[in-house]
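None of these values were measured; they are calculated from a predicted model.
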Amino acid sequence: RLTGQQQEINNLIQRKISVDEENARLKNEFSNLNQKFKDKSQELKDTEECAQNKEEQNRLVIKNLEEENKGLNTCCADLLNDLEKLRKQEAQWKTEKSGNDARIKNLETDLAEAREQMKELRSICSNLSSQVAVKQEELSQKDSDVIRARKELQEMQNLYRQNIKHTAQQAELIKQLQALNTD
């Protein structure tokens with residue numbers, strides 16, 4: 001009977017040694033996971049800060065471009081109004097017909113210049129629209145980066161919770177072994 005108890009004690013000791021080794025391995029793995037978690041958290045924080053800065057810069061750029069675009073649209077409208085006025089004057093002067101040839105020639109020159117300005121302004125408006133589209137694409141990419149970083153953080157948090165649960169189970173097994181040893 002004593003030999004059976006001794007054998008049982010030896011088995012329990014052997015089991016305790018295995019549990020201790022496993023516990024040490026798990027503590028090391030937990031430490032590594034904890035460090036990875038901290039690194040990922042910092043990386044997420046840095047990414048979010050960078051994204052916020054970029055977003056703020058993009059908002060300012062977009063706001064400035066929209067204001068500039070608004071001004072250019074106003075200028076275009078003014079030029080279109082001027083063009084319309086010039087056309088009305090041209091029609092009126094043609095009806096008068098007395099010595100207005102030189103004035104008509106000047107007005108045609110003004111009209112050509114106004115058209116050239118409109119062409120340039122349309123080109124500027126087109127370029128500004130392209131810049132706004134590029135900035136919106138960059139903003140969308142940053143949003144995707146933040147979402148991906150958040151998913152990675154969620155995965156790390158899940159692993160962390162699983163590890164804590166496993167550690168608690170190991171601690172309970174050790175407590176049971178210690179209770180058996182004291183018995």
According to a 4.5 Å side-chain heavy-atom criterion applied to Ile, Leu, Val, Met, Phe, Trp and Tyr, with indirect links allowed, do L26 and M156 form part of one hydrophobic cluster? no

Take L60 and E56, measure what side-chain contact (heavy atoms from CB on, under 4.5 Å) needs, and give me the verdict at the end. CA-CA 6 Å; L60 287 173; E56 189 56 36; 4.1 Å; yes

Say whether L180 and V19 are linked into one hydrophobic cluster, either directly or through other cluster members, by side-chain heavy-atom distances under 4.5 angstrom. yes

K105 with E108: basic N within carboxylate O range, under 4.0 Å: no

OG1-CG distance between T167 and N23, expressed to the nearest 0.5 angstrom: 7.0 Å

Are I13 and L173 connected, step by step, through hydrophobic side chains (Ile, Leu, Val, Met, Phe, Trp, Tyr) whose heavy atoms are closer than 4.5 Å? no

Go through the side-chain N and O atoms of E49 and N53 and say whether any donor and acceptor fall under 3.5 Å apart. no

E68 and N64: CA distance, side-chain angles, deciding distance, side-chain hydrogen bond (donor to acceptor under 3.5 Å, both in side chains) verdict: CA-CA 6 Å; E68 192 175 338; N64 290 338; over 6 Å; no

Shared hydrophobic cluster for V61 and I124 (ILVMFWY, side-chain gaps under 4.5 Å): yes

How long is the straight-line distance from CD of Q7 back to CG of L12, given to the nearest 0.5 Å? 10.5 Å

Side chains of K135 and Q57 in contact at under 4.5 Å (non-hydrogen atoms): no

Any Lys/Arg nitrogen of R25 or E22 sitting under 4.0 Å from an Asp/Glu carboxylate oxygen of the other? yes

Kindly compute the distance separating NZ (K142) from NZ (K54), expressed to the nearest 0.5 Å. 6.0 Å

Closest approach of L79 and Q117, non-hydrogen atoms and distance? CD2-OE1, 3.3 Å

So if you build clusters from Ile, Leu, Val, Met, Phe, Trp, Tyr with side-chain heavy-atom gaps below 4.5 Å, do L139 and V134 land together? no

Checking side-chain polar atoms at under 3.5 Å, does N158 have a donor or acceptor matched by the opposite partner on R161? yes

Which of E113, E120, M118 passes side-chain contact (heavy atoms from CB on, under 4.5 Å) with E116? It is E120

Atom CG of L177 and atom OG1 of T182: how far apart are they, to the nearest 0.5 Å? 10.5 Å

Sidechain-backbone polar pair: S126 side chain, R122 backbone, donor-acceptor under 3.5 Å: no

Take atom OH in Y160; do more than 12 heavy atoms of anything else shown fall under 6.0 Å from it? no

Please step through salt bridge (Lys or Arg N to Asp or Glu O under 4.0 Å) for the pair K70 and E67, ending with a clear verdict. CA-CA 5 Å; K70 188 177 176 183; E67 287 175 6; over 6 Å; no

Measuring from atom CD1 of I62 to atom CD of E55, what distance do you get when rounded to the nearest 0.5 angstrom? 9.5 Å

Rounded at 0.5 Å granularity, tell me how far CG in L33 sits from CG in N28. 10.0 Å

When you check the gap from the basic side-chain N to the acidic O, do K151 and E155 get nearer than 4.0 Å? no

With a sphere of 6.0 Å drawn around CD of E8, does it hold more than 12 non-hydrogen atoms of other residues, nucleotides or ligands? no

Between the side chains of K36 and D39, is the shortest nitrogen-to-carboxylate-oxygen separation below 4.0 Å, so that they form an ion pair? no

Please name the pair of heavy atoms, one in Q131 and one in L65, separated by the smallest distance, quoted to 0.1 Å. OE1-CD2, 3.5 Å

Go through K165 and Q162 one step at a time and tell me if the side-chain contact (heavy atoms from CB on, under 4.5 Å) criterion holds. CA-CA 5 Å; K165 184 178 175 184; Q162 289 173 4; 5.7 Å; no

Could you pull out the closest heavy-atom pair between V146 and L44, with the gap in Å? O-CD1, 4.5 Å

Derivation and outcome, salt bridge (Lys or Arg N to Asp or Glu O under 4.0 Å), residues E66 and K63: CA-CA 5 Å; E66 285 173 347; K63 183 181 175 186; over 6 Å; no

For R15, the salt bridge (Lys or Arg N to Asp or Glu O under 4.0 Å) test, sequence neighbours excluded, returns none

Intermediate values then yes/no, side-chain contact (heavy atoms from CB on, under 4.5 Å), R148 and E152: CA-CA 6 Å; R148 188 173 5 87; E152 289 176 10; 4.1 Å; yes

Where is the tightest heavy-atom contact between Q157 and F37, given as atom of each residue plus distance? CG-CE1, 3.5 Å

